[in-house]
Amino acid sequence: MEYKSSGNGFLEFELKDKIIKGIVELGFNTPSPIQKDSIPLILNGHDLIAQAQTGTGKTAAFSIPILNMLKNNSEIEALIITPTRELAIQISDEIFKLGKFLRTKTICVYGGQSIKRQIELLDKKPQVMVATPGRLLDHLKNNRIKRFNPKIVVLDESDEMLDMGFLDSIEKIFRFIPRDRQTLLFSATMPTPIKNLANKILNNPKSVKIATASVANADIEQKYYIINENERDDAITRLIDVIAPQKSIIFTRMKKEADKLSNFLTSKGYKSVCLHGDMEQRERQTAIKSFKENKANILVATDVASRGLDISDVSHVFNYHMPLNPESYVHRIGRTGRAGKKGMAITLVTPLEFRDLKRIKERINTALELFELPNNYNTDDFISTILDYKISSDSLDLYPVLSSKIDNAQLVCKLLSYLCDSLSGISKNKIKELQDSLDEAPKSKQKARTRRTRRI
Ligand code: ADP
Ligand code: MG
């Protein structure tokens with residue numbers, strides 16, 4: 001068989017031929033570090049706590065050994081719990097592809113889909129169930145799932161489930177699952193409540209942790225730009241025009257803002273779609289599809305809607321608004337730089353938000369460089385010196401202190417007065433010259449004429 005001579009790195013796990021075929025078809029040649037460590041332990045029947053940053057291939061790390069262990073006895077043998085419907089769909093797609101030659105049947109269970117439809121699908125006797133916590137618990141409580149006997153249970157993206165408030169539901173779900181099982185817990189980070197959960201539901205687990213020097217992926221170049229609150233739209237369009245990103249995700253804080261920004265971008269001729277939790281399931285799928293198929297190359301999204309989404313070739317992530325915490329920052333920028341590709345993450349920061357950015361910087365322990373927006377001013381030396389002057393981190397520390405005492409226009413004028421007084425080179429004449437030079441970009445002939453008359 002062709003793949004046997006291809007030197008595929010997955011051969012070392014001695015998997016069934018049909019799974020190797022699925023792996024080859026997905027184009028995987030070498031197991032990622034988390035896969036290399038996790039797959040043998042899972043195949044040997046151990047419970048597992050596996051920690052690795054986003055985009056490192058955790059899905060295949062559990063899906064491959066699970067598929068290899070299925071007995072195909074018309075029961076639900078494997079259960080995967082994941083925080084969002086998008087992730088559930090994504091995981092079941094990956095399992096479908098890996099298990100194609102085994103003809104594995106997978107059911108995807110999530111809120112928003114008709115219960116009747118899900119029960120019909122259950123009648124097809126799937127071996128694998130991928131579910132979000134809320135809907136799964138609902139089915140279990142109402143005794144709707146027949147042939148439910150999972151021998152292997154995965155908690156995927158556990159830290160996300162914690163953030164989304166699912167821990168309670170998860171503990172309840174486990175009351176419905178027989179003790180005689182193998183349990184796997186996957187997470188990008190390991191906060192205390194997740195460790196506590198692991199103690200309750202895992203049995204003598206092995207741990208795998210893929211160490212990274214910094215929490216964030218080294219393939220992602222990270223930049224930030226200082227802007228004013230009212231400049232976000234302008235900054236985003238200027239950056240998009242200058243950088244011309246191939247495919248980008250822009251994160252906003254709220255659903256309404258995502259809608260508004262996406263509409264604004266569309267009105268300016270950019271190919272943008274929107275993704276947030278208030279959209280109908282079908283609208284969400286349409287948006288994801290057109291982004292995946294490059295019909296739109298900008299996706300404006302909120303955090304929750306985009307958790308764990310794996311869309312290949314995202315070249316840029318923009319934070320239109322700062323994320324709420326360092327974890328969210330890491331998850332957002334993890335949408336780019338996936339599977340060994342390079343990516344860039346750009347954050348817009350107002351001076352008042354600078355303190356939050358510093359916190360993120362400290363937590364992720366990684367280079368985050370300050371850049372300035374490409375400007376389009378046409379000015380004299382003095383003005384361009386000011387406009388091009390690099391913003392120092394001291395000034396950003398001072399800004400919130402001063403701006404809480406005085407309004408911005410006054411502050412700028414006071415600082416300019418201070419500057420003029422301390423620079424002897426700036427005489428009254430020089431200032432007059434600067435004013436004239438500003439008039440020299442006439443908006444109309446009328447203005448040009450006035451200027452000429454004044455010069456004479
Ligand atoms: P995580 O769950 O760790 O965030 P995913 O499982 O979503 O990451 O995988 C990220 C991307 O890497 C996916 O597009 C996946 O198909 C790809 N991938 C996973 N394992 C491999 C591999 N061994 N070789 C090449 N690509 C891989
Ligand atoms: Mg994942």
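Numbering starts at 1 and runs along the sequence shown. One-based numbering, in listed order, for ligands and for the atoms of each.
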Item to check | Distance-only N or O hit between ligand 1 and Gly57, under 3.5 Å | outcome: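 By distance alone, the answer is yes.
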Is [Y] paired with [X] through a side-chain N to carboxylate O contact shorter than 4.0 Å?
X      : Y      : answer
Glu120 : Arg117 : yes
Arg144 : Asp138 : yes
Asp47  : Arg181 : no

Item to check | Non-hydrogen side-chain atoms of Ile76 and Leu122 separated by less than 4.5 Å | outcome: yes
Checklist entry - Is there a side-chain contact between Val109 and Met129 (heavy atoms, below 4.5 Å)? => result yes
Item to check | Which segment of Phe10 sits under 4.0 Å of ligand 1 when only heavy atoms are counted | outcome: side chain
Next on the checklist: Side chain, backbone, both or neither: which applies to Ile34 and ligand 1 if a contact is any heavy-atom pair less than 4.0 Å apart?
Outcome noted: neither
Next on the checklist: So, taking the atom named CD in Glu14 and the one named CD1 in Ile20, what distance separates them when rounded to the nearest 0.5 Å?
Outcome noted: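 Nearest 0.5 Å value for the CD-CD1 distance: 10.0 Å.
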Find all atoms of ligand 1 within a distance of less than 4.0 Å from any non-hydrogen atom belonging to [X], and give their numbers and elements.
X      : result
Thr30  : 22 (C), 23 (N), 24 (N)
Glu157 : 2 (O)
Thr56  : 1 (P), 3 (O), 8 (O)

Checklist entry - Which N, O or S atom name in Glu157 marks its closest approach to the Mg ion (ligand 2)? => result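 Nearest N/O/S atom: OE2.
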Checklist entry - Which of the listed options, Asp313, Thr59, Leu87, Leu98, holds the heavy atom that is closest to atom 6 (O) of ligand 1? => result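 That would be Thr59.
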Item to check | Heavy-atom nearest neighbour of atom 16 (O) of ligand 1 within options Phe28, Phe186, Phe62 | outcome: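 Shortest heavy-atom distance from atom 16 (O) of ligand 1: Phe28.
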Checklist entry - If you draw the axis of the six-membered ring of Phe186, does the NZ or CZ of Lys58 fall within 45° of it and under 6.0 Å from the ring centre? => result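 Checked: cation-pi criterion not met.
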